[in-house]
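These figures come from a predicted structure and were not determined experimentally. Atoms within a ligand are numbered from 1 in the order they appear, just like the ligands themselves. We're numbering straight along the sequence, starting at 1. Heavy-atom basis, side chains included; hydrogens, waters and symmetry copies ignored.
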Amino acid sequence: MLSNPSLTPPCNKDGKDEVNYVGRFAPSPTGPLHFGSLITAVASYCDARAHRGKWLVRIEDTDIPRIYPGSEDHILRSIDAFQFDPDAEIIFQKDRLNLYEAVIEQLHQQGLVYACQCTRKMLGSNHIYQGTCRNLDLPLEHQAIRVKVDDQEICFTDRLQGTHCCNLQQDLGDFVLKRRDGIINYQLAVVVDDYLQGMTHVVRGADLLDNTERQIWLGQLLGYPKLQYMHLPLAMNDQGQKLSKQNMAQALDLTQAPQLLQQALRALRQPEVDLDRPAQMLQQAIAQWDIALIPHCTELHGHYL
Ligand code: GLU
């Protein structure tokens, strides 16, 4: 068990109004929010609220070199413009680096992580790490930190995408939790924060499906409770590429919030909502929310910009 009290998730003091759904929207500020991000925000919000659950927002900004100037501000303005109503203050991962370091230390004491001095070139063309530094017992400072994986299948059943499995040792090898430049990897930060924030459900884009087994593995090593996953199909542009900053996806135009909200719900194949103030539209969407209508695929083809 963790001894540091700050590494303990929130608990329900009187146990009376137990919440059995806590969900989140966890954007990385690597660019302004685009239509694909809006789909994730809307789906995670409606799904949480339709289950009478809580919904939190977390800014995943540990990868400082990849932060795009102004995008944090655009995320926060978007939350306001679409009238999403988070149940707690928005947290920023860059303010929580000591928590991730404490978890690395805990894993180190358990012999589950080690320092690695291999360069990317040394990994070979298939990028599967062969455990070269596993038994070298290098000092942790100024080296990448990898977590050990086992030769076993990790499987989970996604609420939309069905059952997915991966043998981490055969498909990936021991993976990085902290880079040599000191940056905490997304895989670690996401697992620690989902635990500390008491998350029960993860709703996010299907581009993150392949990360899930790594996160489940880490959660298992740390003794965290299991999560439910729902990976949403990704909005694709006219060229069949997923909307992203690299593909010049347009920033959400916050003056068009009601129209964009209506389009996001249509992309998720939800029943039509009337154009209104975003808060009213979200209420209607929550009342009508039906995940059986969301396409069970990983790509949504349309004219998404
Ligand atoms: N921060 C990740 C992203 O913006 C999402 C993480 C998650 O939902 O688990 O792609």
Taking [atom] as the reference point, the nearest protein heavy atom with its distance:
| atom | value |
| --- | --- |
| atom 3 (C) of ligand 1 | Ser28 OG, 3.5 Å |
| atom 5 (C) of ligand 1 | Ala26 O, 3.3 Å |
| atom 6 (C) of ligand 1 | Glu60 OE1, 3.2 Å |

Open item on the list: Using a 4.0 Å cut-off to any heavy atom of Val190, which atoms of ligand 1 qualify?
Closed with: 9 (O)

Task: Contact atoms of ligand 1, heavy-atom distance to Pro27 under 4.0 Å - done: 1 (N), 4 (O)

- [ ] In a single word, yes or no, tell whether Cys155 and Cys165 have an SG-SG distance below 2.5 angstrom.
- [x] yes

- [ ] Determine whether more than 12 heavy atoms belonging to other residues, nucleotides or ligands lie under 6.0 Å from atom CZ of Phe92.
- [x] yes

Say whether [X] and [Y], considering side chains only, have a donor N or O and an acceptor N or O under 3.5 Å apart.
| X | Y | result |
| --- | --- | --- |
| Tyr114 | Asp174 | yes |
| Asp151 | Gln170 | yes |
| Arg24 | Gln197 | no |

Task: 4.0 Å heavy-atom contact, Phe25 with ligand 1 - done: no

- [ ] Please state whether Arg24 comes within less than 4.0 angstrom of ligand 1, counting heavy atoms only.
- [x] yes

Open item on the list: Check this for me, if you would: do Arg214 and Asp171 make a salt bridge, where the nitrogen-to-carboxylate-oxygen distance has to be below 4.0 angstrom?
Closed with: no

Open item on the list: Please work out, at 4.0 Å between heavy atoms, whether the side chain, the backbone, both, or neither of Leu208 comes within that distance of ligand 1.
Closed with: side chain

